Amino acid sequence: MRLSSFQGLLLTLAAIGGVFLLVGMPPIQAGFIVLGLALLALPAWFSAPVVRVVGGALLAAVLYLFLRLPLPPALAIVLAAAVGFAAWCYVPPRILRRVCVLVPSMVLLVYVTSLLMYSAPGSPFAQEKAASDQVIAAKRAAWGVPESPTEFFKIYMTRVLEDFDFGPSLTVQGRSVMDLLGPAFPVSMSLGLTALVLACAIGLTLGIRAGLRPNSFADYSSMGLAVIGISLPNFVIGALLLMVFALSLGWLPVAGWGTYSHLLLPALTLALPYAAYIARLSRAGTIEVMQQDFIRTARAKGLSEREIVFKHALKGAILPVVSFLGPAAAGIMTGSFVVETLFGIPGMGHWFVKGAINRDYSVVLGTAIIYFSIVIAFNLLVDMAYAWLDPRVREDL
Amino acid sequence: MARAAATLAPEKGTSLWADAWRRLKRNRLALGGAVLLGLVAVVCFVVPVVLGLDSETTDPANSFHPPDAHYPFGTDNVGRDYLARVLVGGQTSLLIGVAATLASVLIGVFYGSLAGYYGGKVDEVMMRIVDFLYAIPYMFLVILITLQFSKEARGNPLPIFFALGMVQWLTMARIVRGEVLTLKNREFVLAARTVGAGDLRIIFRHILPNILGVVVVYATLTVPAVIILESFLSFLGLGVKLSWGVLVSEGVGVVNPIESHAWLLLLPSLFLALTLFSLNFLGDGLRDALDPRTRR
Amino acid sequence: MVRNLLGILAVFAAALLLVAFTFSATVEERAAFTYVSGSEPKSLDPHIMTGQLEGRIADALFEGLVVRDPRSLRPVPGVAREMPEISEDLKTYTFRLRPEARWTDGSPVTAHDFAWSWRRLQRPDLGAEYAYIHHMIEWAEVYNTYGVQADAIETASEDDTSIFEALEELREAHPGGVEAAAWQSFLAEAEVFQSLKGVGDPVLVEGLARSEGSLSQSELERFQSALRTEGRRRRALFERAEAHYGIDEGMWAEDDHTLVVQLVAPCPYFLDVVAFYSSHPVPRQVVGVQDEEGLYVNEQDWFLPDKIVANGPYRLQRWRVNDRIRLVRSPTYWDAANTKLDTIDALSIENQTTALNLYLTDAADWLPGNYPTDLVDQLEGRPDFYDTRGLGVYYYRFNTTRPPFDDPRVRLAFCMAIDRQLIVDDVMRLGQIPAFHLVPPDLADYGYQRPEGRIRFDPEAARRLLAEAGFPEGRGFPKDVGILFNTSESHKKVAEVVADHLRRNLGVEVTAYNQEWQAYQATTQKLDYWLARAGWIGDYVDPNTFMDMWVTNGGNNQTGWGDPVYDRLVRSAANIDLLVEESESLFARLKEPEQARTLLAAYRDATTDADRAAAGAALRMHCFREGEAILFQDAFPIMPVYYYVWSGLVKPHVRGFYARLDLGGGTEGANLQDIHPLRALWVEK
Amino acid sequence: MSVSEAILEVDALRVHFHVPRGVVRAVDGVSLALRKGETLGLVGESGCGKSTVARAIVALVPTTSGDIRFRGESLIGLSRGRMRPLRRHLQMVFQDPYASLNPRMTIASTIAEPMRIHATVAPGDLDERVCEIMELVGLDPSMRRRYPHEFSGGQRQRIGLARALALEPDVILLDEPVSALDVSVQAQVLNLLEDLKARLGLTYLLIAHHLAVVRHMSERVAVMYLGRIVELADREPLYTEPIHPYTEALMSAIPVPDPVVEAERKRIPIEGEVPSPTATITGCPFRSRCPQAFERCEVEAPELEEHRPGHLAACHLPDAD
Amino acid sequence: MSAPLLDVRDLRTQFVTEEGLVRAVDGVSFPVDEGEIVGLVGESGCGKSVTNLSILGLLPQPQGRIAGGSIRFEDRELVGLSERELRKIRGNAIAMIFQDPMTSLNPYLRVEEQLAEVGQLHLGLSRPQAVARAVDLLDRVGIPDAVERIKSYPHEFSGGMRQRAMIAMALLCDPELLIADEPTTALDVTIQAQILELLKELRDERGMAIILVTHDLGVVAGMCDRVMVMYAGRIVEEASTVDLYATPTHPYTKALLESVPRLDERGHARLRSIEGLPPRLDRGPFDACTFAPRCGLVRDACLAGEPALQAFAEGRRRRCVLAPEEVV
């Protein structure tokens, strides 16, 4: 039986909806999710002209939401429309198709996250002393957190769309989500980038060294070293590093944030598991590249081994690493809770965990949106880097 | 034309699995990993039963007893036999690792092979959903799912592995889908189609056996990832009652300049590291053995 | 080749440059005094906050009418010029304020500020958790709760049906009357107890207490009409309180520098409450913004560094979330000359090991308790270690609504099966005192003369009790029973030892399991547990802070247990006059009715206000004793484990830090609430 | 030559693929008739669409338009249930003997699979039947429990042939059956193909880029270029008197293993390479490389016409002469 | 007659594999004279590619090694030469082109880069000089608009153009010897004809020697002056092209020639097939003629020992115990 693609979509969506209903999700919520997924899926059926129109329109709409805040509405509309039109004319459909998918993805993300949060026991308004229903209801109304996740979703989306406001934190009084995540972002960024650089430097060195001589001592020692990075939870590694470099040797501060010396140990802790993955990927990449015919060609030209490795093999060897960097960067920037806790760093990882644990719905949504954006941004960066490295995929971008 | 079956007695061929096994056996590192892993598993599951070890009985008066002949692993902060705790904790960690991986394999293979096999728009849509799920921070997916079950679970590892399986299947689905995409246009699949094989037969007879290698490799590498993730949850206090993750995250508390009851961190870490080390090397070895592309 | 390498290096360099560019912290000088505050403060609004660590900062930023003397922690004048005048009947307090007290914006701190702030604390729409701490003031509770309660009874909010309507429906659904069990569950579901808290109408009291037999239609009808009356009554009272509380009744500003407070009944700990952070004044010029319709809107973020106006010894200079709060000496403080530290850093560090590491590497001067508990043995011997007995009790709640814990024998058996001495000696190891009661022993007037409870460590007796309850040697005991604790290393330790004791001494399998705080709260409040760990730290030094938790359906009760006699005792303790009328019905059910009668007679017959007050105080204590007798001779809704000990590490160069209180006359006392006012500290190098 | 019935007819077959950069017209109006018992050779350079024709016939790729009839019955738009019994008689052998066998299956199960699916043989007799077929293609039946990687290329191609023969088909589509084999093995397989055809009365559609192989095997030959048939004729006329310049050039490009002949052969050089498959072409598709192209070729696409009896070509040249 | 340009003597190349020692090339000797096109013909796995890789010392490491013999190029011994010295020869005096131009060019680098580096390396040219030279050569090998096209990436070239680029790369340093390892196998016949034509022209123009490795007897017939037929790591017959095709004197050569269908064949003769498979080279050393198991003319002498490669006529050598006449 060959399905037509549209039948396939309907079947897939129906199956997903069915599974949701089966596990006891209310029909409205299941319906919303399936609708969201359908919106996500629909651009696959858009022909290039439709993609241009829809993508341009969505781009204009999103742009308008941003521009409207600093600019007078008329100007914002004109500007947004102009950019949308330009996109319609000039931006390749491949990119506009991404836009078509991104916007519904973001909305669906908010809805799904809301559902997940609401389904966890406890509420942001729980306090040690049981409060009366009336007090709780009043608080829910005041903070815009009604009992139903769907209602909450509506309120939240309205707030975001109308004022670009991600709401107040529900558990840290007096702070908006922006207040909390705003200052944390550059911290995580600094930490994350440093870790990423460290991870790449360590991982590539070990991986390429191992890959050039597979099954040799160099291979075993490099990979052994790398695998240590993923053989222990990073809080153990962090604690050990701390013990050695901060407590025993006293070279570096034990915790805190402020000077560059505060950066090193946490970044290293954060980097090690990723370094291990990178080492593994670059090892495999190197082995594969070194077996390619063009390496033999390079040898036949009389190039030295070093030139062969660094000029001819390197790009191909790090390609798998590059595609790993997207998820890695997102993970490194946001998954640093352990490191932050261990080293007392005011970064974003804290909110990723504490938001969920404290049921701070707006913080959770804020972090989800940031994570989503980071993933998207880094995927784009990675795609660009990939194209830069591999000319063959440039045209497909 | 009756022919005696005896004259037809077939020679037994060596399957690719046998070949891979032979290659694996040559890879000393991987073999060492497998042996070590088996050893750890046997020790964790058999020794507590054989020796009748009790991981729960407390004896606070005897807490922080350093390792000696009577307590080979010492005791913990309320005087429980740390040997028993490390081994019983190992059972949970290994179970979670294997179970979550199995869950992710089942979902991932199912989803990935459907997407890859039907291809085209179905594939595009299904992969878009996966991309979407990727963009949800897996951490609070795990946390929220774990919270969801925190009451019913009461330290039971089931929800944790469910939660971990739920996030791990995505990569599996992607890998499987990629493999299926290439496999379904391989000539032997086309050949099967020309002789009239149906979709199910093609998926189960022709495609799945051929991606099994990749799946096994990836699964071997998923187990350590799951175990590490579980330890992270334990660090947050969302973990199970007793696992290596729990022990290690408790043990981290002793790393300080005052006094380190080092064995509380080092012993479970050692077991954890050995297991993960073995799994990783086994995984790499399996990859080398099963995937001829990276083989020399 | 070079290009490739350069490319990679360039990418790295660009990334690192970006790091340098985004590197967000400016290097700050170390503060004169740094301490580890613990987790991130949730709020610095003194009316909203509920935690000790927030209170510590609030005490530095704001100053109440009275403050605690750092050596003795007794109330001494703060914004008040002197200690208040107290009327003879101990019910009226008159505070006179210093004219020189200033807000940081330069305006004077007046009695109106206090009246406004205290009224704000009770505002129903603020939803302050600690509003009840002022409920001894006339009209305060009425203003705080009656409006909401009247709403619940009579007016249906948009989608919620009122109790009244629910009752109507119940009546229609059961024309033949309602079974008592169904009735009680109806009451619980409609949260009737909460809405009728403190009700005096005998029809309602009787109706609420009905737990056997059934209620006929006519009884329901009577109940309903009484309910309607009660709703109206509450509405009327609320309206009155709303019009007058903080303006001219209950508590009001006589003039700019005089604040008069009228209490419902004498309250021996009232000044403690006045010194408590909930009683701090907040700057109405910043907090209370008036919107177009003339309504007060509560600013949510008025306490952030760029907005805050305060009146305390310190100003909030900087607040970096999850990192630190920087306090600097306030020049506008009336006693600025005596504030010794120029800057204070409060570090937000949750991880105990990290906190200890910071302390040990001299990055912090004070570590209040936040160290890894397993290190007690090693830390105890250090000269910079301090410990002191605390005003808190560590206990487990029983869910008395869920079998088998609906049987007091089972609860008592559990209470008797754990070896508290072993837990404090070998698990906690800080010299905590095993607890067999609720109220800590250090409350001088009360603690050492309370009635013997039935709880002791006696596995034999415990097994017998369990057998009586139908579980000989633990046979037949439900397998799924669990001990819930909120996620924490040390709770886990205790819970696991307790579970082990129960297993070994009673033969019952119970699993210790944890939930993080938010889920834990939801679970305990919904009574969805068997046994749940809890702790209570007194807000003020008086038994009441412990005793009033257990009133039927009280917000902190969460056990499902309730006893009208207990409720009346606690209510009477708060207002002895309630006992004067109709005391016999209560006394008849006491353990020592004779003593109660004697004390009541003394109270009635007192000729002077002073005598009367003394007799009242004695009677009040008796009420508490009787109350505790109910808890620990009959009911056992909780399983006490131990009384807290506070401890921490403080550098020797920190002065003005009193782990032991100097109570004058050479007596020393424990710093029961672990209060070390920051304003009094200084550093001597 | 008696006019035998056409067992398989392909009529105006078009197979187009949508790719990001446009539409690939892999097969663009191909008509063929396969007579019972003959071997029809289909030659052309890579990418000319010859394999796609075969794959369209066995429904491995969807047909864009046109008709395919087997024994007069259209195969297009048939339901799966109706298709299956017909498909039995139409089998295919693939090019790459390494890729066309499932490496995880023993060759017995590979050969038995079609019979299992179509239930043409009772399960109890399967093993015996497998042995028979193996002997038929010259394989030792005792090796049937082995796996494909234990066989050489030639043996594997025999296995592929055995699988195709399992259903006793009438027509076998041979898609480059020997191009991946070593020279010495090629001959084995080609000989086997001839023997089987003779023994079992098979009809072959032989797809190959190697003109010599096609010449050796086929009775009639069709030459494809850019998705179209440019010339179709009986073997001898085609090889000795080709009409289409492409056929001529193609043949002259093929070296003959004889230095004496080689030295004397005159080459018809064709410059350049095959245009991109997505390009839209007006006029004759070959004109960009044709040494004899003239104005008409620019504007008008030549139809496949019979220029001599039984000799069809799509070229304007004969008309111009 | 001067010494040959390249003189390979008794070359033995072995691989250490999991299965055991593979004697991929076992005692191969042949000379290549200046300006000569020598064909090396054989089925896959017969050792013809390994022979060439051995010449340039490009055997895959660490498995491959030259176990014995000598390779003299312009009076220099290449066996045992240091890697550094070998690198000076590779791409310079001896250049090599490979079977699959698709994979033999680095997909990540521009053609310009890949060509220019050779000139920079061996001729010490500056970058612009090297590029200019590369452009010239691309032009020469028939790439239109070479100035522009040189900036392309390999994937932007068609298969034929890639092989032309490979040839240009090989010619950059005017090598004395070009080793062409199956240069046209991956190409279509029309393109193959173009490339072969080009190679021939270049030989005529520059006088370089070419070793042409192929399995296609037709290609050899049109191209080569001299042919060596390899089987199981050995040369079994060597002759001038004309002689070899006219009178093959080794049963394998003969069988090979008869097993391929010819385009010019008339009638429908049955092809001659060679039954069986070549021996597995990891099963050696052999104590009999390696072709004996597949040989139709096998006799006891064949199994007694491995026959030596012996000259029996002017410029002709063969490895067979039978008399030449018995085979023909």
Side-chain angles (χ1 to χ4, degrees), chain B residues 1-23 118-121 124 179-180 182-216 290-293 295, chain D residues 18 54-55 57-61 80 83-88 90-111 113-118 127-128 130-132 134-135 140-151 160 163-164 166-167 169 173 175:
Chain B
M1 208 165 70
R3 299 176 56 151
T7 64
L8 291 172
E11 300 172 33
K12 194 95 179 73
T14 48
S15 70
L16 287 185
W17 292 112
D19 259 18
W21 172 233
R22 198 169 37 81
R23 277 196 292 272
Y118 287 105
K121 298 268 163 53
E124 204 175 326
E179 289 292 317
V180 172
T182 51
L183 273 174
K184 74 164 181 178
N185 286 322
R186 288 276 293 279
E187 286 187 348
F188 68 84
V189 176
L190 297 182
R193 276 173 56 192
T194 56
V195 300
D199 290 349
L200 282 181
R201 185 180 192 94
I202 288 180
I203 291 180
F204 282 103
R205 286 286 287 169
H206 294 279
I207 291 182
L208 289 186
N210 281 289
I211 56 171
L212 217 54
V214 183
V215 170
V216 166
L290 288 169
D291 182 359
R293 266 176 311 181
R295 204 179 91 231
Chain D
H18 293 266
R55 289 180 182 202
I57 292 172
V58 293
L60 284 178
V61 295
R80 199 185 175 78
M83 178 83 108
R84 261 173 65 143
L86 286 176
R87 194 178 262 177
R88 265 187 61 184
L90 212 53
Q91 289 299 325
M92 185 155 169
V93 173
F94 291 86
Q95 167 178 11
D96 186 349
Y98 294 85
S100 63
L101 298 176
N102 185 342
R104 309 272 169 195
M105 273 163 72
T106 60
I107 62 162
S109 28
T110 297
I111 296 172
E113 185 176 38
M115 299 185 276
R116 281 215 178 85
I117 292 168
H118 292 273
D127 197 47
E128 193 180 318
V130 166
C131 295
E132 276 173 36
M134 284 181 72
E135 286 194 336
D140 180 357
S142 67
M143 301 197 293
R144 67 188 183 282
R145 287 291 145 75
R146 293 205 184 171
Y147 290 86
H149 64 105
E150 297 171 275
F151 292 88
R163 171 175 53 196
L167 289 174
L173 312 178
D175 187 0

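As the structure is a computational prediction, the values presented were derived from the model and not from experiment. Numbered from 1 within each chain, the chains take letters A, B, ... in sequence-line order.
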D:Pro103 versus B:Phe188, closest heavy-atom pair with distance: CD-CE2, 3.8 Å
Interchain contact, D:Ala59 with chain B, by part (heavy-atom threshold 4.5 Å): backbone
Among D:Met105, D:Met92, D:Arg55, residue most engaged with chain B (heavy-atom pairs, under 4.5 Å): D:Met105
Inter-residue atom distance D:Asp96.CG - B:Arg186.CZ, 0.5 Å rounding: 8.5 Å
From CG (B:Leu208) to CZ (D:Arg104), nearest 0.5 Å: 12.0 Å
Under the side-chain hydrogen bond (donor to acceptor under 3.5 Å, both in side chains) test, residues paired with D:Ser109 that sit two or more places apart: D:Thr106
side-chain contact (heavy atoms from CB on, under 4.5 Å) involving D:Gln95 - partner list, sequence neighbours excluded: B:Glu187, D:Glu176, D:Ser179
Donor-acceptor pair, side chain of D:Arg87 and main chain of B:Arg193, under 3.5 angstrom: yes
Option in D:Asn102, D:Leu167, D:Leu173 with maximal non-hydrogen atom pairs under 4.5 Å from chain B: D:Asn102
Contact class of D:Ile117 relative to chain B, heavy atoms under 4.5 angstrom: side chain
Contacting region of D:Arg88 [heavy-atom separation from chain B under 4.5 Å]: neither
Rounded distance (nearest 0.5 Å) linking atom CZ of B:Arg201 with atom CD of D:Glu113: 4.5 Å
Closest non-hydrogen atom pair, D:Ser100 against B:Ala191: O-CB, 4.2 Å
Side-chain (D:His118) to main-chain (B:Val195) donor-acceptor, under 3.5 angstrom: yes
B:Arg205 versus chain D, the contacting section by heavy-atom distance below 4.5 Å: both
